[in-house]
Amino acid sequence: MACLRIPATDLTASIRILGSWLSGRYAHSDLPKVSFQEYRKKSVAHPNVSAARSADERRVRATLSSFVFGVATMYAMKSHMLHYVLFMAPSRDVLAEAQAEISLDNITVGKTLVAKWRGKPVFIYHRPQAIIDQERKVPLSNLRHPESDEERTIRPEWLVMIGICTHLGCIPIPNAGNITGGFYCPCHGSHFDGSGRIRQGPAPTNMEIPEYKFLDNNAILVG
C-alpha cells in the first residue's frame, strides 16, 4: 500500500497555522489605535476632564446660536413678506381717489352741494335750523330704519351722505318730495326726510352716511 508523503516545508507551515488557531489569535494586534482627538471640541478635549463640567457653557452657546439664527430667520421672512404686501398695496392714484376734500364756503343755508367721491355722488346739505328741529322731533318708532338725527350728523347744520337711493341706486332730488327739506327719488317714488331717512316708498333703508371729518369750519375730508 502506497503512503502519502508531505514535504517538510508544507508540514511546518501547517503546524504554525494550527498553533495560531489553537492559541485564539484571529487577527493581527499590532495595528495603531484610531484617534479622533482632532475632531473633539476644545471644551471636552482633555481626556481627564468630565464633559459635565463644560455642559452649561455648551448649552448656553447652543441656545445663543439658536436664538440668533431664529431672529435672523424671522427678520428675513418679515422683509420677504413686506415685499409682497407692498406689491399688493394700492397705487398712489388709487389712494388719491380714496379721499376727497370738499370746501363748504359756497354752500348757503338751505342749499345742497353734489360732490363726487369714489365715483359716487355725495350730498352736502347746509340745513337751516327749522329742518334740524323738525328732524329731531321725529319719533324713532315712526321710522322704517330707526336712526336719530344726532347719529347721522357730526355738526347739526351739515348733513353729509351718499346721494344714492337704497332701493335700486337712483339719485334722489334734493329739496323735493312730500317731506319738507327732504329728498325725492324719481325712479320709484321713495321719499327721504331732511336727515336722509326713508319715510315713504320702497327704499328699505336710510341713505348711507360716509366716513368723513371736518378739517376746519370751511372744509371736510370724505373717506
Side-chain angles (χ1 to χ4, degrees), residues 84-223:
Y84 286 102
V85 170
L86 293 177
F87 177 78
M88 293 185 293
S91 58
R92 292 183 179 180
D93 57 338
V94 174
L95 291 175
E97 294 181 358
Q99 295 181 323
E101 184 176 340
I102 303 172
S103 174
L104 307 177
D105 289 335
N106 299 323
I107 310 176
T108 58
V109 178
K111 298 297 182 181
T112 300
L113 173 70
V114 181
K116 186 177 181 181
W117 171 68
R118 295 183 180 177
K120 301 176 182 179
V122 177
F123 290 168
I124 297 94
Y125 182 22
H126 194 173
R127 303 190 302 177
Q129 188 61 42
I131 298 298
I132 297 174
D133 296 337
Q134 168 188 294
E135 302 309 332
R136 294 195 170 184
K137 292 178 181 179
V138 177
L140 296 182
S141 59
N142 294 346
L143 300 176
R144 181 181 304 170
H145 181 191
E147 282 184 326
S148 65
D149 186 70
E150 291 83 355
E151 293 176 316
R152 296 179 58 80
T153 57
I154 297 178
R155 295 183 182 179
E157 65 273 20
W158 294 104
L159 174 65
V160 181
M161 63 183 180
I162 296 177
I164 296 178
C165 178
T166 56
H167 179 222
L168 290 177
C170 295
I171 300 178
I173 301 173
N175 295 317
N178 296 336
I179 312 298
T180 304
F183 303 82
Y184 172 70
C185 179
C187 294
H188 302 94
S190 293
H191 295 261
F192 300 87
D193 62 15
S195 188
R197 300 173 297 190
I198 180 62
R199 301 294 295 276
Q200 298 176 16
T205 59
N206 305 330
M207 284 195 279
E208 181 183 354
I209 302 296
E211 181 181 353
Y212 72 97
K213 63 180 179 180
F214 283 86
L215 300 177
D216 51 41
N217 292 331
N218 299 314
I220 62 172
L221 182 66
V222 181

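In this text the structure is predicted, and so the values were computed from the model without any measurement. Values below: every heavy atom of this structure, side chains too, minus hydrogens, waters and symmetry copies.
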State whether the number of non-hydrogen atoms from other residues, nucleotides or ligands found under 6.0 Å of Glu151 atom CD is greater than 12.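 Enclosed.
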
Within the structure provided, determine whether Gln134 and Ile179 are in side-chain contact (heavy-atom separation under 4.5 Å).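 The answer is yes, as the side chains (C-beta and beyond) meet within the 4.5 Å cut-off.
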
Report yes if the side chains of Pro172 and Tyr184 come closer than 4.5 Å at any heavy-atom pair, otherwise no.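 A side-chain contact is absent here, since even the closest heavy-atom pair is not under 4.5 Å.
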
How many angstroms lie between [atom1] in [X] and [atom2] in [Y], if you round to the nearest 0.5 Å?
X      : Y      : atom1 : atom2 : value
Thr112 : Ile124 : OG1   : CD1   : 9.0 Å
Asn175 : Ile131 : CG    : CD1   : 8.0 Å
Arg199 : Asn142 : CZ    : CG    : 7.0 Å

Mind listing the closest non-hydrogen atom pair of [X] and [Y] along with its distance?
X      : Y      : result
Thr153 : Asp149 : OG1-O, 3.1 Å
Pro210 : Glu208 : CD-O, 3.7 Å
Ile171 : Pro121 : CD1-CG, 3.9 Å
Leu159 : Gly196 : CD2-N, 4.0 Å

Side-chain donor-acceptor distances from residues 200-207 under 3.5 Å, at least two apart:
unit_1, atom_1, unit_2, atom_2, d
Gln200, OE1, Asn178, ND2, 3.0
Asn206, OD1, Ile198, N, 2.9
Asn206, ND2, His145, O, 2.9
Asn206, ND2, His145, ND1, 3.4
Asn206, ND2, Glu147, OE1, 3.0

Thiol sulfurs of Cys165 and Cys185 closer than 2.5 Å: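 No - the two cysteines, Cys165 and Cys185, have SG atoms at least 2.5 Å from each other.
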
Compile the donor-acceptor pairs under 3.5 Å between side chains in residues 214-223 and protein atoms, sequence neighbours left out, one pair per line.
unit_1, atom_1, unit_2, atom_2, d
Asp216, OD1, Asn218, N, 2.7
Asp216, OD1, Ala219, N, 2.9
Asn217, OD1, Arg155, NH1, 3.2

Side chain to side chain contact (heavy atoms under 4.5 Å, CB included) partner of Met161, the single match among Phe183, Phe192, Tyr212, Tyr125: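 Only match with Met161 under side chain to side chain contact (heavy atoms under 4.5 Å, CB included): Phe183.
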
Under a 4.0 Å N-O cut-off, is there an ion pair linking Asp193 with Arg152?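 No, Asp193 and Arg152 are not salt-bridged.
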
For Asp133, the option from Lys137, Arg136, Gln129 that meets side chain to side chain donor-acceptor pair (under 3.5 Å):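 Looking at Lys137, Arg136, Gln129, the match for Asp133 under the side chain to side chain donor-acceptor pair (under 3.5 Å) is Gln129.
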
Between Arg127 and Trp158, is a side chain to side chain contact (heavy atoms under 4.5 Å, CB included) present by the stated rule, with each step listed? CA-CA 6 Å; Arg127 303 190 302 177; Trp158 294 104; over 6 Å; no

